[in-house]
Amino acid sequence: MSDEPRWSVSPLYAFGQLERALRQVAAAGDGPALDHARRRLTRWQAVVAGLGSGELIVGSRTPVADTPAWVTLEVAHGGFPTGRYLAEAPLREDEMACLRALPDGAPGTTDRERLNLWYLSDAGQAELLAALPGERYRIDVPEEAALMVVAWLLDAGHHEAALDLVAE
């Protein structure tokens, strides 16, 4: 049993936020306000569904079942996790361009996996290492730095640490 204290959270706050988000969608009309309201609604739907299924434990250091503590989560107002990983964002345009340049038959079952596996190749690591000195990279969530750290560790001769990071 974990030494982490257990707190119980009333789902009423989440239901209230869901109801509020539904009203915002209904009143938003078209354009950016509607897009914002729909994103908010989607977050609160995920919170309520996760609380109901037991998948989410509000207040826990690891609030999403079967998810390591280091994963950056999307969080709704009030600290309620939605269960969505921020690193699950769609590929950016620069990532799509890199993906299109990969050879046919590149390994991986998803676009993100194929891209990540390419960055673990010699050519991919060389590109990551070349970006370091000139600070030609952008990291929005910590997970986006993992492969660059792997490349740096390998370049510095820390092969076991790099392998451990890839395994994690």
When rounded to the nearest 0.5 Å, the distance separating CG of Leu12 from CD of Glu19 is 11.0 Å
Side chain to side chain contact (heavy atoms under 4.5 Å, CB included) for Tyr85 and Thr72? Distances and angles first, verdict last. CA-CA 6 Å; Tyr85 305 156; Thr72 307; over 6 Å; no
Roughly how far apart are Arg92 CZ and Leu115 CG, rounded to 0.5 Å? 9.0 Å
Any chance the side chains of Glu143 and Trp70 put a donor and an acceptor closer than 3.5 Å? no
Can you tell me how far NE2 of His159 sits from CG of Leu154, rounded to the nearest 0.5 angstrom? 5.5 Å
Rounded to the nearest 0.5 Å, what separation is found between the CD atom of Gln125 and the CG atom of Leu153? 10.0 Å
Met96 with Trp118, same ILVMFWY side-chain cluster at under 4.5 Å: yes
Closest non-hydrogen contact found for Ala69 with Arg61 is CB-NH1, 2.8 Å
Looking only at atom types and distance, does a side-chain atom of Arg20 sit under 3.5 Å from a main-chain N or O of Leu41, one as donor and one as acceptor? no
Heavy-atom closest contact (Ala28 atom, Ala37 atom, distance): CB-CB, 4.3 Å
Quick one: do Glu127 and Tyr119 satisfy side chain to side chain donor-acceptor pair (under 3.5 Å)? Show the steps, please. CA-CA 8 Å; Glu127 184 176 314; Tyr119 278 115; 3.3 Å; yes
Kindly check if the number of other-residue, nucleotide or ligand heavy atoms within 6.0 Å of CZ (Arg23) is above 12? yes
Say whether Ile139 and Val150 are linked into one hydrophobic cluster, either directly or through other cluster members, by side-chain heavy-atom distances under 4.5 angstrom. yes
For Glu113 and Thr109, indicate whether the former's side chain and the latter's backbone hold a donor-acceptor pair under 3.5 Å. yes
Hey, does Val75 have a side-chain heavy atom less than 4.5 Å from the side chain of Thr82? no
Name the residue from Gln45, Gln24, His77 that meets the side chain to side chain donor-acceptor pair (under 3.5 Å) definition with Arg40. Gln24
Under a 4.0 Å N-O cut-off, is there an ion pair linking Glu93 with Arg100? yes
Least distance between heavy atoms, Ser53 atom then Gly50 atom: OG-O, 3.3 Å
If you take all heavy atoms of Leu51 and Ala14, which pair is closest and at what distance? CD1-CB, 3.9 Å
Is it true that Leu86 and Leu147 fall in one hydrophobic cluster, defined by side-chain heavy atoms closer than 4.5 Å? no
How about CG on Asp122, more than 12 heavy atoms from neighbouring residues, nucleotides or ligands closer than 6.0 Å, or not? no
Could you check whether Phe80 and Trp44 have their ring centres less than 6.0 Å apart? yes
Looking at Asp164, is its backbone amide N or carbonyl O close enough to the side chain of Glu168 to form a donor-acceptor pair, meaning the two atoms are under 3.5 Å apart? no
Rounded at 0.5 Å granularity, tell me how far CG in Leu128 sits from CG in Asp155. 11.0 Å
Would a hydrophobic clustering, with Ile, Leu, Val, Met, Phe, Trp and Tyr connected at side-chain separations under 4.5 Å, put Val141 with Val64? no
If you group Ile, Leu, Val, Met, Phe, Trp and Tyr by side-chain heavy-atom gaps below 4.5 Å, do Leu102 and Leu91 land in one group? yes
Are Glu95 and Arg112 ion-paired here, with the side-chain N under 4.0 Å from a carboxylate O? yes
Where is the tightest heavy-atom contact between Pro68 and Thr62, given as atom of each residue plus distance? C-CG2, 4.4 Å
Which of Leu56, Leu73, Val58 passes side-chain contact (heavy atoms from CB on, under 4.5 Å) with Pro63? Answer is Leu73
Donor-acceptor under 3.5 Å (Ser60 side chain, Ile57 main chain): no
Is it the case that the side chain of Glu74 and the backbone of Arg84 share a donor-acceptor pair, with hydrogens and angles ignored and the cut-off at 3.5 Å? no
